[in-house]
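Since the structure comes first, as structure tokens, the remarks are kept for the end.
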Amino acid sequence: MVNIEKAEQAIRDLLIAIGEDPDRPGLVETPTRCAKMYQELLAGMDSTAAEHLSKQFDVPHSEFLLERDIPFYSLCEHHMLPFFGKVHIAYLPDGKVVGLSKLARTVEVYARRLQLQEQMTAQIADDIMAHLSARGAMVVIEAEHLCMTMRGVKKPGTKTVTFARRGAFETDSSLSQTCLHILDL
């Protein structure tokens, strides 16, 4: 949970540290606005995927389900700059499925915290396996990182792609290949 008062003071101190006057008209409300922004962007720290993945439905479906192009944005824990893109989630149900919106909500749980893309990919896959008792899960994330776009190497448009495969997606290469083919990766 974001401590608004401490965040406001830290942002005020940062403005002073970079040579700004936090009392000038354009910046007077900046510490409060930024603190509230961080509260929103980091709301995933106060939630768990279990909250969303617990509502399940019995189905005889045995083929994999794929939800693709789930948009997300997150903050890189190295530079606290945004990274954003799409998450693709496939899983093999074992008699139970979850509502499709719950997969997108699971993405938000992990995207809305200081994060690493590789870690987020694994966390989503692990929670699908754990909470859905799935026979397999595969998560692919494609993202652009502003720490590469606006600073450092300055290469806008560069995409980082991460994969996490669990269960049948790890052991059955044709299953993984079929999923990647559908995603055009």
Find the distance between OG (Ser54) and NZ (Lys102) and round it off to the nearest 0.5 Å.
-> 8.0 Å

Are Met150 and Met148 joined in one hydrophobic group, where the rule is that I, L, V, M, F, W and Y side chains link up if heavy atoms are under 4.5 Å apart?
-> no

How many angstroms lie between atom CG of Leu183 and atom OG1 of Thr178, to the nearest 0.5 angstrom?
-> 11.0 Å

Can you measure from OG (Ser176) to CE (Met138) and round to the nearest 0.5 angstrom?
-> 5.0 Å

Under 4.5 Å between any side-chain heavy atoms of Phe83 and Leu146, yes or no?
-> no

Apply side chain to side chain contact (heavy atoms under 4.5 Å, CB included) to the pair Val109 and Ile124, showing each step before the final yes or no.
-> CA-CA 9 Å; Val109 165; Ile124 294 168; over 6 Å; no

Report yes or no: do Ile182 and Leu185 belong to one cluster of Ile/Leu/Val/Met/Phe/Trp/Tyr joined by side chain heavy-atom distances under 4.5 Å?
-> yes

At what distance, to the nearest 0.5 angstrom, does CG of Asp172 lie from CD of Gln177?
-> 10.0 Å

Closest heavy-atom contact between Met80 and Leu75?
-> O-CD2, 3.8 Å

Is there side-chain contact between Thr106 and Ile89, with heavy atoms separated by less than 4.5 Å?
-> no

Flag side-chain contact, heavy atom, 4.5 Å: Tyr110 against Phe72 | no

Separation between CG of Leu92 and CG of Leu65, rounded to the nearest 0.5 Å = 8.0 Å

Does the distance from a Lys or Arg side-chain N to an Asp or Glu carboxylate O, for Arg166 and Glu170, drop under 4.0 Å?
-> no

Note: Ala125 and Ala164 closest approach over all heavy atoms is CB-CB, 3.8 Å

Should His145 and Phe84 be marked as a side chain to side chain contact (heavy atoms under 4.5 Å, CB included) after you check the CA-CA gap, both sets of side-chain angles, and the distance that decides it?
-> CA-CA 7 Å; His145 294 248; Phe84 58 93; over 6 Å; no

4.5 Å side-chain heavy-atom contact, Val107 and Met120 | yes

Asp127 and side-chain contact (heavy atoms from CB on, under 4.5 Å): which partner among Leu53, Val139, Leu132?
-> Leu53

For side chain to side chain contact (heavy atoms under 4.5 Å, CB included), just list the numbers for His88 and Glu67, CA-CA rounded to whole Å, side-chain angles, deciding distance to a tenth of an Å, and then say yes or no.
-> CA-CA 6 Å; His88 315 291; Glu67 187 164 340; over 6 Å; no

Compile the donor-acceptor pairs under 3.5 Å between side chains in residues 25-43 and protein atoms, sequence neighbours left out, one pair per line.
{"from": "Thr30", "atom 1": "OG1", "to": "Arg33", "atom 2": "NH2", "distance (Å)": "3.0"}
{"from": "Thr32", "atom 1": "OG1", "to": "Glu8", "atom 2": "OE2", "distance (Å)": "3.0"}

Write down the atom of Cys147, the atom of Leu81, and the distance for their closest heavy-atom approach.
-> CA-CD1, 3.8 Å

Donor-acceptor contact present, side-chain Thr158 to main-chain Lys155, <3.5 Å | yes

Within a reach of under 6.0 Å around CD of Glu5, are more than 12 heavy atoms found that belong to other residues, nucleotides or ligands?
-> no

Note: Lys6-Asp13 ion pair, threshold 4.0 Å (strictly below) = no

Has the side chain of Asp94 got a donor or acceptor atom that lies under 3.5 Å from a matching backbone atom of Ala134?
-> no

How long is the span from the SG atom in Cys179 to the CZ atom in Arg165, to the nearest 0.5 Å?
-> 10.5 Å

Is there a donor-acceptor pair under 3.5 Å between the side chain of Glu144 and the backbone N or O of Gly157?
-> yes

Taking all non-hydrogen atoms of both residues into account, name the closest pair between Glu51 and Ser47 and its distance.
-> OE2-CA, 3.1 Å

Please answer whether the main-chain N or O of Ile141 pairs with a side-chain N or O of Gln117 as donor and acceptor at a distance below 3.5 Å.
-> yes

Test Gln115 against every option in Glu118, Arg113, Gln119 by the side-chain hydrogen bond (donor to acceptor under 3.5 Å, both in side chains) rule and name the one that passes.
-> Gln119

Shortest non-hydrogen separation from Lys96 to Asp58 and the atoms involved | NZ-OD1, 2.7 Å

Exercise: identify the closest heavy-atom pair between Val2 and Ala7 = CG1-CB, 4.3 Å

Examine distances only and state if a side-chain atom of Thr121 and a backbone atom of Val140 form a donor-acceptor pair shorter than 3.5 Å.
-> no

Is any side-chain heavy atom of Lys86 less than 4.5 Å from a side-chain heavy atom of Ile70?
-> no

Verify same cluster id: Val59, Met129 (apolar side-chain graph, 4.5 Å) = no

Those residues at least two apart in sequence (or on a different chain) that pass ring-ring contact (aromatic ring centres under 6.0 Å, His included) with Tyr91 are none

pair Phe163-Val161: side-chain heavy atoms closer than 4.5 Å = yes

Arg24 side chain reached by Leu15 side chain, heavy atoms, under 4.5 Å | no

Pro60: what forms a side chain to side chain contact (heavy atoms under 4.5 Å, CB included) with it, not counting sequence neighbours?
-> none

So, Arg135 side chain and Phe169 main chain: donor-acceptor pair closer than 3.5 Å or not?
-> no

Are any of the side-chain heavy atoms of Gln56 and Val97 separated by less than 4.5 Å?
-> no

Between Arg112 and Tyr73, is a side chain to side chain contact (heavy atoms under 4.5 Å, CB included) present by the stated rule, with each step listed?
-> CA-CA 8 Å; Arg112 293 199 174 234; Tyr73 57 88; 2.4 Å; yes

